[in-house]
Amino acid sequence: MLIRCISCGAEYDLDDVIYTCSKCDSILEVLIDPQVSKDIFKCRKSTMWKYKEFMPVDESKIISLDEGGTPFIKCDRLGEELGVNLHVKVEGSNPTGSFKDRGMSVGITKALELNVDTVGCASTGNTSASLAAYAARAGLKCIVLLPSGKVALGKLAQAMFHGAVVLSVNGNFDEALEAVTALALEGELYLLNSINPFRLEGQKSIGFEIVDDLGWRSPDRIVLPVGNAGNISAIWKGVREFYEAGFIADLPRMTGIQAEGACPITNAVRKGAEDIIPVENPETVATAIRIGAPVSSLKALRAIYDSDGSSDTVSDDEILDAQKLLARTEGIGVEPASASSIAGLKKMVQTGEIDQGEEVVCIVTGHLLKDPNTAINACKEPISIEANAQSLSKVLKGL
Ligand code: F0G
């Protein structure tokens, strides 16, 4: 096992505290090649640690809240409406309500291995909520930088309640990340944004679970929201590792969805470019993916190109409509960023980019309650009645 630069191939030790390549400044990945049979996963508890042989940390130090093992829901009603064979992977069911918990479990375990005492991140909300919880469980100090006024209420409540030092930054996510990265490079804290390759090692377990849930085969396509571009890279790494281990015979097409106001990855894919041009002043109702300069863009573009995948954008209205559609046809409540995967799927079936009848897995990344304000604003006021049967009956008759 080692850390390797994805551009120049320079190699580093697993215990080097390093976020970018010291030779060419590109991003890093962890290389791992366990020689195991998939039979060892049988009868294990359904968490991401079911696949512990594929996780590059010391098993005796694992900090876990039983993340992973999330619901994999067959959505026939919605699938029929959209024209595909649809499963939804519900990452809002993780301990703090988003997929970030998978990455934090590995990232915080690594922090303990390295004997650091302070961890930190910049975040659009979910990363900070997750980091705060896992740092609390590990007994580490935690500092999070959030773009002022642009973090959904549930996420802010979590970060504060778990005891992180919460800094409200006068700037957007990209600027906050630059600031905290500079501090991390000076050794002031251990950075747990997804530029840290150990974060993605946890998140790749989403890919493991999808193929395991399907009975050791790949779906035609995985569709997910893309913000800082870590998750699409991680899931692609996961399915590739299981493919290379001989556990599955095919690979899925990775399909990344971005908001129209924050779409550097889609812009690059449309041009066939190898890297992005950052979007200045990104804006979208899906604040989780309000990001203009994704740090994992090189990995994400490779995932899309190597898998013969694609990328598209959706408008804020399309996101909010899809959020409601999923909630009301399948009972799955997700935050706006998560719904962009459903909105993108709908659009790409309409444009013909996704074929009718394809077997698609949509990743919905965070829980509805992360952003209660957007949910309430999308609904009518509750109906006010007197506390008697007559008033209730009147309402029921009007349904
Ligand atoms: N969905 C949700 C709910 C998110 O919180 C994020 C990212 C994404 C999708 C995009 O994933 O960045 O790996 O491409 N949230 C980060 C945060 C940026 O700070 O919580 P990505």
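FYI, side chains are in, hydrogens and waters are out, and symmetry mates aren't considered; it's all heavy atoms of this structure. These numbers were taken from a predicted model, which means no experiment stands behind them.
- Around the CD atom of E274, the shell of radius 6.0 Å holds no more than 12 heavy atoms that belong to other residues, nucleotides or ligands.
- Counting only residues at least two apart or in different chains, side chain to side chain donor-acceptor pair (under 3.5 Å) contacts with residues 255-268 comprise R221-T255, T266-S311.
- Residues L200 and Q203 meet the side-chain proximity criterion, which asks for heavy atoms closer than 4.5 Å.
- Applying the side-chain hydrogen bond (donor to acceptor under 3.5 Å, both in side chains) rule to T96 yields the partners D101; only residues at least two apart in sequence or on another chain are considered.
- At least one donor-acceptor pair under 3.5 Å links the side chain of S105 to the backbone N or O of I63.
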Enumerate donor-acceptor pairs with a distance under 3.5 Å from any side-chain N or O in residues 337-347 to protein atoms, sequence neighbours excluded.
residue, atom, partner, partner atom, Å
S338, OG, T365, N, 3.1
S338, OG, T365, OG1, 2.9
S338, OG, G366, N, 2.8
S338, OG, G366, O, 3.3
S340, OG, A337, O, 2.5
S341, OG, S338, O, 2.8
S341, OG, I363, O, 3.1
K347, NZ, D312, OD1, 3.2
K347, NZ, T313, O, 2.8

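- The side chain to side chain donor-acceptor pair (under 3.5 Å) contacts involving residues 133-142 comprise E67-Y134, where partners must be two or more places apart or lie in separate chains.
- D58 and S60 form a side-chain donor-acceptor contact under 3.5 Å, judged by distance and modelled atom types alone.
- For the ring-ring contact (aromatic ring centres under 6.0 Å, His included) condition, no pair includes a residue of residues 90-114, sequence neighbours left out.
- For the pair K110/M55, no side-chain contact is recorded, criterion being any heavy-atom separation below 4.5 Å from C-beta on.
- No hydrogens or angles considered: nothing links the side chains of N231 and K100 as a donor-acceptor pair under 3.5 Å.
- The hydrophobic cluster containing L2 also includes L31, under a criterion of side-chain heavy atoms closer than 4.5 Å among ILVMFWY residues, counted directly or through chains of members.
- I40 meets the side chain to side chain contact (heavy atoms under 4.5 Å, CB included) test with V36, R44, E53; sequence neighbours excluded.
- Residues L177 and F173 form a side-chain contact, since some pair of their non-hydrogen atoms from C-beta on lies under 4.5 Å apart.
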Pairs of donor and acceptor atoms involving the side chains of residues 240-250, under 3.5 Å and at least two apart or interchain, shall be tabulated with distances.
residue, atom, partner, partner atom, Å
E241, OE1, K204, NZ, 2.9
E241, OE2, K204, NZ, 3.3
E241, OE2, K237, NZ, 2.7

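- Under the side-chain hydrogen bond (donor to acceptor under 3.5 Å, both in side chains) criterion, N388 pairs with S391, not counting sequence neighbours.
- By the side-chain hydrogen bond (donor to acceptor under 3.5 Å, both in side chains) test, E359 is found to be paired with R217, residues two or more places apart in sequence or in another chain being considered.
- Hydrophobic side-chain contacts under 4.5 Å tie L392 into a cluster, directly or through other members, with I383, I385, V395, L396, L399.
- Judged by distance alone, with hydrogens and angles left aside, the side-chain atoms of K89 form a donor-acceptor pair with the main-chain N or O of T70 at under 3.5 Å.
- The ring pair (Phe, Tyr, Trp, His ring centres under 6.0 Å) check on Y190 picks up nothing, with sequence neighbours excluded.
- For the pair R102 and E209, the minimum side-chain heavy-atom distance is below 4.5 Å.
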